[in-house]
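As structure tokens, the structure follows; a few thoughts come after it.
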2 protein chains.
Amino acid sequence: MAEPTSRRIETRQRILDAAGLLFRQHGIDGVGVDAVMKQAGLTHGGFYAHFASKEALAAEVARSLLEKSARSWDEISRTDDPGPALRRIVAGYLNPEKVASGLCCSLTSLGPDFARRSASRSAVGGALRGMLEALARVMPDPHDGDSGSPNRHRGNALAALSTMVGAVVLARLADDPELARAFLDAAAASILPERTNTTG
Amino acid sequence: MAEPTSRRIETRQRILDAAGLLFRQHGIDGVGVDAVMKQAGLTHGGFYAHFASKEALAAEVARSLLEKSARSWDEISRTDDPGPALRRIVAGYLNPEKVASGLCCSLTSLGPDFARRSASRSAVGGALRGMLEALARVMPDPHDGDSGSPNRHRGNALAALSTMVGAVVLARLADDPELARAFLDAAAASILPERTNTTG
DNA sequence: TGTACATCAGTGAACGCGCGTTCACTGATGTAC
DNA sequence: TGTACATCAGTGAACGCGCGTTCACTGATGTAC
């Protein structure tokens, strides 16, 4: 009983993946336990062998989705040079197809849901800090001469993450695809050092 | 029957206000029609004399809350000079007490909920554009010499709104009040022309 | 001013349904000898 | 290799509850004469 079998672990992960998909599409309250289990190829009764409650599942989904993002950003931030790394992170986050498909970062589709559930809220704390650290690592120095200020990169990372999250929230809310696209483009332009725009 | 009585109008507004409060606190799916009516000082049965369904209520709440913001920003943008106007709008939006109380802009607490409900989504389109126009009106020229570019203010407004929305979403999600505060401060600093920080 | 009536906003019991959760059971897997 | 048994992941019927919605009714308000 001490070690869970590998089959158990796989099933648990399948449930987490199914919930991660459906919760982002329909919100946590918009998806029942039975729908999650069906998506995972199981029946609803077995759910409680893997999670104590739907709340506990939500918290695990929150943790697992955001830790995946944090790991990805961390790796990019340590592998690439800062400039290309930042561009990869931002372009990946603000990718219009991903946003339209609804498979974008859970912060943008479930942020308020997580914020209202204390278990989910505390589950994401670590990953959130990890994302900020990765972002701070690849932030450019500001164009005024203030590159010495120690917290400057952190402040820029906080603002950049805010801009990305907000842009995706607003792009998904916009009724018009052109406006959606404008949010994503404007956010990317405001985070990345100016250089992309035209030849003027 | 043509003209609704003033009493009817007042009651309808009381329901809208109650729903605006409770939906922002607990999410749309987290609040029942009976809770909304009780908060409005009525019993649940009377609800359907005022709204066709809970969905219709959600859409009206979306419209009414965001149009209120749009009107407020519009007035500020036409009354004050651009600099002070922008500062008032940003400081009002990123106010830490308002964020902590949960009475902040509905985009940050219900944005994803609205985005998933087509009626709500189309109900907010106009107000969203109104908010962007007000914001564009008070945006400063960029510090590079590109002040002639006609869409530059619009792009800045899109990015600024994204930053504000994202910062509040993240501040409410952060488990630590200090981190919450840092999101709000960093967002304000990144939107407002640099000048507030220290005497350096 | 007073009476009779029509209107209609709001009441509260009742409905069917879907949800989260429980539990006795099944049947496949693995271990002991 | 073969048999007997223990384990345990997954099944599916059942539960109580709360939700969105309906509807026959009440009682206050306003109008007609």
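We name chains A, B, ... by the order of the sequence lines, and we start the count at 1 in each one.
- Within the 4.0 angstrom heavy-atom criterion, base atoms lie near B:Gly45.
- Between the CZ atom in B:Arg87 and the CG atom in B:Asp81 there is a gap of 10.0 Å [rounded to 0.5 Å].
- Between the CG atom of B:Asp34 and the P atom of C:dC15 there is a distance of 18 Å, rounded to whole Å.
- For the pair B:Tyr48 OH and C:dT11 C1', the interatomic distance rounds to 15 Å; values are reported in whole Å.
- Residue B:Arg14 qualifies as enclosed at atom CZ: its count of foreign heavy atoms under 6.0 Å is above 12.
- The partner of D:dA24 is C:dT11, judged by Watson-Crick or G-U wobble contacts that both fall below 3.5 Å.
- B:Ile15 has its CD1 atom 10 Å from the C1' atom of C:dG10, to the nearest Å.
- Using Watson-Crick or G-U wobble geometry with both donor-acceptor distances under 3.5 Å, C:dC17 finds its partner in D:dG18.
- Side-chain proximity of A:Arg8 to D:dG20, D:dA9, C:dA9: nearest is D:dA9.
- Neither OP1 nor OP2 of C:dG10 sits under 4.0 Å from any side-chain N or O of B:His44.
- Heavy-atom nearest nucleotides on DNA chain D were determined for B:Ser53 and for B:Arg7, and the one closer to the 5' end corresponds to B:Ser53.
- When both distances must be under 3.5 Å, the Watson-Crick or G-U wobble mate of C:dA4 is D:dT31.
- When the C1' atom of D:dT21 is taken as reference, atom CG of B:Leu42 falls 17 Å away, rounded to whole Å.
- Taken to the nearest 0.5 Å, the CD atom of A:Glu75 stands 7.5 Å off from the CZ atom of A:Arg88.
- A salt bridge does not link B:Asp34 to B:Lys38: none of the charged side-chain nitrogens sits closer than 4.0 Å to a carboxylate oxygen.
- Taking atom CZ of A:Phe47 as the reference point, atom P of C:dT21 lies 7 Å away to the nearest angstrom.
- Mapped onto DNA chain D by nearest heavy atom, A:Met37 and B:Val33 fall at different nucleotides, with A:Met37 at the one closer to the 5' end.
- Exactly one of B:Arg121, B:Arg117, B:Arg116 qualifies for a salt bridge (charged side-chain N to carboxylate O under 4.0 Å, His left out) with B:Glu55. That residue is B:Arg117.
- Residue B:His50 contributes atom NE2, which lies 6 Å from atom C1' of C:dA9 at whole-angstrom precision.
- Whole-Å rounding puts the A:Ile28 CD1 to C:dC19 C1' distance at 15 Å.
- For the pair B:Lys54 NZ and D:dG18 P, the interatomic distance rounds to 15 Å; values are reported in whole Å.
- Nucleic acid contact class of A:Val31 (heavy atoms, under 4.0 Å, all strands): sugar-phosphate only.
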